[in-house]
A.B. asks: 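First the structure, which I've put down as structure tokens, then a few questions once you've had a look.
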Amino acid sequence: MASTIPDPVPGRHGTANAPEEAAPATGTRCPEEPVPGTGTPPPAEAPAAPERAAARIEAHGIDHIPDADRRGRPRELFAVWAAANVNYLSLLSGGVLVLLGLTLAQALAVIVVGNLFWLLTGVLAISGPASGTPSEVITRAIYGVRGNRVNNAVVGWAISVCYFALNLAAAASAAAASAATALVERAGVAPGDGVTAAVVVVIAALTLVISVWGHAAIVKLYLPITLVLALAFTVVAVSVFGHADLSYRPAEPLGGTALWATLAAGLALIASGPLSYTTSADFSRYLPRTTSKRAVVGWTALGGFVPSVVVCSLGALAATAVDMSDPRSGLESILPGWFTSAFLLALVLGTIAINALTAYSAGLALQAVGLRIRRSYSVLVDGAAAVSLTLYALLVSDLLDTMSDVLQLTVVLLGPSTALYATDILLRRNRYDGPALTDESPGSRFWYTGGVNVPGALALASGVVAAALCVDTVYTGPVAAALGGVDLSLPVGMLVAAGSYTLLTRPGRDALRS
């Protein structure tokens, strides 16, 4: 089936010979955020310097960022992604690998390989400067205007809220809320579900303040947050290394099919982190369109890869010395007494950092679904939904089991959608017409057939179905059953989605590249 994807407008993309770091631009800012779908831009005000933008609520939502408003350097992306990945969920994920029965060496290998998927996150980020729009709008080129609303409702909003809740629940139950609750208890407040719920709400509120303030605030705040978290986890690293068993092997090492099944499950667990950020263009779209693609890929990938590998590895190392099924108590037993409170506060800060990004993207996804609401208000809707899920995870379900199952199961959707997005970038040579992408009318160049780009929809569906047949988490698919429980949903889903899209768009390839 031939793709009807329109060719891009020439000149609307970065050049291969662009300087590694583009100078920040100063431009006009909008006093009021445009409501999506109205087609009417807000009135402009006098030019404002980029360094002052962090003091104001972000004006833009899913609308196109004009060249005059572009600013920043790609190296700023490192701190954005680093701060978001020095967090408690990563620590837990590393510990789970050892709890699953892997040796320390096997767990560390899975951590490194799984985090290599940050390269894909970096690749997706280059579409931001090229189009001047967030990922939630860029994917209209793949699915069509209406098809993309469904994509954003599921892959964008629902999964983002789910990760918001998971991060909040992980930190809240084992460290952030429990830890903050412990601090409250030391002040004489009685423990209980009410205290835990109150702490969850407070942490979520602090998170939403950053998300509502928007892009400039994130860029401004995340460098100092990265430095504070790096210092805190350096102390953790010293304590963990002092107690870890570097030659650790389980009493009954895994072998044969059981080993391969566990390695595959562990890989899906770790890879779910970078794959959850199919929205990386949200944080690069303010960069000038001439910004070096290599710089965007490199700083984004490094910002995610380095801290994720370090923190996940610390979790695995800690699991060789303490019981990571009760991580808070286990870690406190090996940390210096004077540092315990500081570590607990660092976990809260890390949770806020990662969830501010997640809530920001979820707010954009809610707009892209078609909800006529300002970005700042949509973020509050996300927060309310995430807090509800968090309280359920804390007070009703078993957190570690829920976390492991959900992270592995989301790969069924995230793997194919990430592969499809990256494939579209490569086929188009990263040429996207931002203003045309923001047109949601039936006359839009991205309306396709009834608002749906059939090749994109079919490719995603085929990838998801293929992955679902191979999964072994909440249920066991027929392919996984035939392989003795080896879960190949991640590679199979990604390969099928990318391959299907490439074949279905072959007849229109010249139009894509013109």
Side-chain angles (χ1 to χ4, degrees), residues 4-6 30 32-42 57-65 124 127-128 131-164 208 211-212 214-215 278-282 285 358-386 388-389 413-414 417 420-421 424 432-461 464:
T4 56
I5 301 178
C30 300
E32 187 175 358
E33 178 188 328
V35 177
T38 62
T40 304
I57 293 178
E58 182 182 357
H60 290 290
I62 60 171
D63 54 311
H64 172 256
I65 310 297
L124 302 191
S127 59
S131 68
T133 59
S135 294
E136 293 82 0
V137 171
I138 295 168
T139 46
R140 287 174 182 166
I142 304 172
Y143 305 109
V145 173
R146 284 179 170 169
N148 193 51
R149 290 174 184 168
V150 177
N151 171 64
N152 276 308
V154 180
V155 179
W157 186 79
I159 289 185
S160 290
V161 169
C162 181
Y163 270 83
F164 188 139
L208 295 176
S211 301
V212 166
H215 181 274
T278 57
T279 57
S280 54
D282 296 2
R285 74 190 196 279
T358 304
Y360 180 86
S361 290
L364 295 175
L366 204 57
Q367 285 188 314
V369 167
L371 187 63
R372 301 299 184 240
I373 185 174
R374 301 189 187 284
R375 181 199 61 79
S376 51
Y377 296 161
S378 66
V379 167
L380 299 179
V381 175
D382 305 331
S388 299
L389 287 175
L413 284 172
L414 295 175
S417 64
L420 196 52
Y421 191 170
D424 190 71
Y432 293 97
D433 183 353
L437 284 165
T438 60
D439 182 3
E440 300 181 58
S441 70
S444 168
R445 293 167 54 202
F446 299 96
W447 188 258
Y448 299 116
T449 305
V452 177
N453 183 30
V454 177
L458 287 178
L460 180 62
V464 170

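Just the heavy atoms: all of them, side chains too, but no hydrogens, waters or symmetry mates, feed the values below. Just so you know, these numbers come straight off a predicted model, no measurement behind them.
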A.B. asks: Can you confirm whether P134 sits close enough to T279 that some side-chain heavy atom of one is under 4.5 Å from a side-chain heavy atom of the other?
C.D. replies: no
A.B. asks: Y143 pairs by side-chain contact (heavy atoms from CB on, under 4.5 Å) with which of V454, N152, V452, L460?
C.D. replies: L460
A.B. asks: Any side-chain heavy atom of D424 within less than 4.5 Å of one from L420?
C.D. replies: no
A.B. asks: What's the shortest heavy-atom distance between A281 and Y421, and which atoms?
C.D. replies: CB-OH, 3.9 Å
A.B. asks: Nearest heavy-atom pair of S361 and E136: which atoms, and what distance?
C.D. replies: O-OE2, 3.2 Å
A.B. asks: Give a yes-or-no answer on whether the side chains of Y432 and T133 include a donor-acceptor pair shorter than 3.5 Å.
C.D. replies: no
A.B. asks: If you take all heavy atoms of Q367 and G61, which pair is closest and at what distance?
C.D. replies: OE1-CA, 3.6 Å
A.B. asks: Kindly give the heavy-atom pair with the smallest separation between V145 and S444, and that separation in Å.
C.D. replies: CG2-OG, 4.2 Å
A.B. asks: Decide side-chain contact (heavy atoms from CB on, under 4.5 Å) for N453 and F446; before the verdict, give the C-alpha distance in whole Å, the side-chain angles of both, and the deciding distance to 0.1 Å.
C.D. replies: CA-CA 8 Å; N453 183 30; F446 299 96; over 6 Å; no
A.B. asks: Roughly how far apart are R445 CZ and D433 CG, rounded to 0.5 Å?
C.D. replies: 5.0 Å
A.B. asks: Take Y360 and H215 through the side-chain contact (heavy atoms from CB on, under 4.5 Å) test and state the conclusion after the steps.
C.D. replies: CA-CA 8 Å; Y360 180 86; H215 181 274; 3.7 Å; yes
A.B. asks: Rounded to the nearest 0.5 Å, what's the gap from CG on D282 to OG on S127? Could you check?
C.D. replies: 9.0 Å
A.B. asks: Does either side chain, that of D63 or that of T438, offer a donor lying less than 3.5 Å from an acceptor on the other one?
C.D. replies: no
A.B. asks: Show your working on side-chain contact (heavy atoms from CB on, under 4.5 Å) between L124 and T278 and close with a plain yes or no.
C.D. replies: CA-CA 7 Å; L124 302 191; T278 57; 4.3 Å; yes
A.B. asks: Return the minimal non-hydrogen interatomic distance between L437 and A141, and the atom names on each side.
C.D. replies: CD2-N, 3.9 Å
A.B. asks: Looking at NE2 of H60 and CZ of R285, how far apart are the two atoms once the value is rounded to the nearest 0.5 Å?
C.D. replies: 8.0 Å
A.B. asks: Identify the two heavy atoms, one from R140 and one from N148, that lie closest to each other, and give their separation to 0.1 Å.
C.D. replies: CG-ND2, 3.3 Å
